[in-house]
Amino acid sequence: MFCEIIELRRAGLRLPPKDWPSPVRGDLRISYDEGKTNNSRRNMRVAILWVNWSCSHVVPGPNLSEPILLDILGDAMLWRGHVCARTDDGICEYEQMWLIRPLSSLDAPPLAKFDAARFSPKLPATLPPQSETQTEWLAKHGREMAATR
């Protein structure tokens, strides 16, 4: 599906509409990732926006794992999923939301700016991520499993 997307979160935190990045255009494709080849070590659906890198190359751009359609907002769809990101502490998994607006083709004229004020109450908020060590997590949630030692 040809579309443009706007990522509505950074590191799991909801961005206010004034801080939304500009839309990225591309060809949205959904595929299945095998658990042996991804950071999450589980089989999952992955939505990848393939973008034009140059006049002859199309490369994978933003991706969203386990996408779920949340709502239809006028001419847009609101999807939620998660993304993996490398940080100083290792690989982290964050919630991500995409605002997806379909296009007739990649060469279509730019879409009018999305009216975020009209739909802001429908955009769910999340709690800020908690920073806790493995020891704190184990103390709160139980013991370490023998198979993970």
Side-chain angles (χ1 to χ4, degrees), residues 1-35 37-141:
M1 167 174 84
F2 297 123
C3 64
E4 63 179 35
I5 67 163
I6 301 173
E7 294 180 327
L8 303 183
R9 297 184 186 277
R10 281 281 154 78
L13 298 176
R14 180 179 168 191
L15 295 172
K18 66 178 180 60
D19 293 337
W20 287 358
S22 51
V24 179
R25 284 183 168 218
D27 183 9
L28 184 63
R29 302 175 192 170
I30 297 181
S31 61
Y32 288 88
D33 247 3
E34 189 177 320
T37 60
N38 62 43
N39 293 331
S40 299
R41 301 290 183 234
R42 62 183 184 260
N43 295 339
M44 63 179 69
R45 287 182 319 275
V46 179
I48 300 175
L49 187 71
W50 290 79
V51 297
N52 289 332
W53 179 254
S54 67
C55 53
S56 61
H57 289 85
V58 178
V59 296
N63 65 68
L64 188 67
S65 300
E66 294 297 345
I68 299 170
L69 174 65
L70 292 180
D71 206 348
I72 304 293
L73 308 172
D75 68 341
M77 295 178 284
L78 187 62
W79 284 15
R80 181 182 65 208
H82 66 269
V83 294
C84 290
R86 184 176 299 273
T87 65
D88 293 338
D89 298 327
I91 296 175
C92 295
E93 194 171 290
Y94 295 112
E95 182 177 291
Q96 178 59 277
M97 292 182 73
W98 281 0
L99 186 73
I100 302 172
R101 300 175 75 193
L103 299 168
S104 57
S105 75
L106 291 178
D107 300 326
L111 297 174
K113 187 173 168 108
F114 183 76
D115 184 10
R118 184 172 160 210
F119 297 105
S120 284
K122 287 189 157 194
L123 301 174
T126 59
L127 298 174
Q130 296 179 357
S131 176
E132 56 189 4
T133 65
Q134 179 182 5
T135 309
E136 292 168 343
W137 189 91
L138 290 172
K140 190 185 301 181
H141 299 288

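Computed from a predicted model, the values in this text were never measured in an experiment.
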Audit row: Val83, Glu93, side chain to side chain contact (heavy atoms under 4.5 Å, CB included) steps and yes/no = CA-CA 6 Å; Val83 294; Glu93 194 171 290; over 6 Å; no
Side-chain contact test, heavy atoms from C-beta onward, threshold under 4.5 Å: evaluate it for Leu78 versus Leu69 and give yes or no.
-> no
With sequence neighbours excluded, residues passing side chain to side chain donor-acceptor pair (under 3.5 Å) with Asn52 | none
Side chain to side chain, Arg14 and Glu95, heavy atoms closer than 4.5 Å = no
Which pair of heavy atoms, one from Leu99 and one from Ala76, lies closest together, and at what distance?
-> CD1-CB, 3.7 Å
Thr87 versus Tyr94: any side-chain heavy-atom pair under 4.5 Å?
-> yes
Closest non-hydrogen contact found for Pro21 with Ile6 is O-CG2, 3.6 Å
Please collect all salt bridge (charged side-chain N to carboxylate O under 4.0 Å, His left out) contacts where either partner lies in residues 19-29, sequence neighbours excluded, each pair once.
-> Glu4-Arg25, Asp27-Arg29
Give the minimum heavy-atom separation between Asp33 and Val46, together with the two atoms involved.
-> OD2-CG2, 3.7 Å
Of all heavy-atom pairs between Cys3 and Leu49, which one has the smallest distance, and what is that distance?
-> SG-CD1, 3.8 Å
Would a distance-only check, ignoring hydrogens and angles, find a side-chain to backbone donor-acceptor pair under 3.5 Å from Glu7 to Met97?
-> no
For Pro67, the side-chain contact (heavy atoms from CB on, under 4.5 Å) test, sequence neighbours excluded, returns Arg45, Ala47, Leu64, Trp79
Check whether any side-chain heavy atom of Glu34 lies under 4.5 Å from a side-chain heavy atom of Met44, and answer yes or no.
-> no
Would you give the length of the straight line joining atom CE of Met77 to atom CG of Leu70, rounded to the nearest 0.5 angstrom?
-> 11.5 Å
Donor-acceptor contacts, no H, no angles, side chain residues 101-114, under 3.5 Å, sequence neighbours left out:
{"residue": "Arg101", "atom": "NE", "partner": "Asp75", "partner atom": "OD1", "Å": "3.4"}
{"residue": "Arg101", "atom": "NE", "partner": "Asp75", "partner atom": "OD2", "Å": "3.3"}
{"residue": "Arg101", "atom": "NH1", "partner": "Ala112", "partner atom": "O", "Å": "2.7"}
{"residue": "Arg101", "atom": "NH2", "partner": "Asp75", "partner atom": "OD2", "Å": "2.8"}
{"residue": "Arg101", "atom": "NH2", "partner": "Ala112", "partner atom": "O", "Å": "3.1"}
{"residue": "Ser105", "atom": "OG", "partner": "Asp107", "partner atom": "N", "Å": "3.3"}
{"residue": "Ser105", "atom": "OG", "partner": "Ala108", "partner atom": "N", "Å": "3.3"}

Non-neighbouring partners of Arg10 that pass side chain to side chain donor-acceptor pair (under 3.5 Å), sequence neighbours left out = none
For Asp115, all residues meeting salt bridge (Lys or Arg N to Asp or Glu O under 4.0 Å), sequence neighbours excluded = none
Drop me the distance from Ser65's OG to Gln96's CD, to the nearest 0.5 angstrom.
-> 11.0 Å
To the nearest 0.5 Å, atom CD1 of Ile5 lies from atom CG of Leu28 at 7.5 Å
Tightest non-hydrogen contact, residues Gly61 and Ile48, listed as N-CG2, 4.2 Å
Report the residue from Asp71, Ile68, Leu8 that forms a side chain to side chain contact (heavy atoms under 4.5 Å, CB included) with Arg80.
-> Ile68
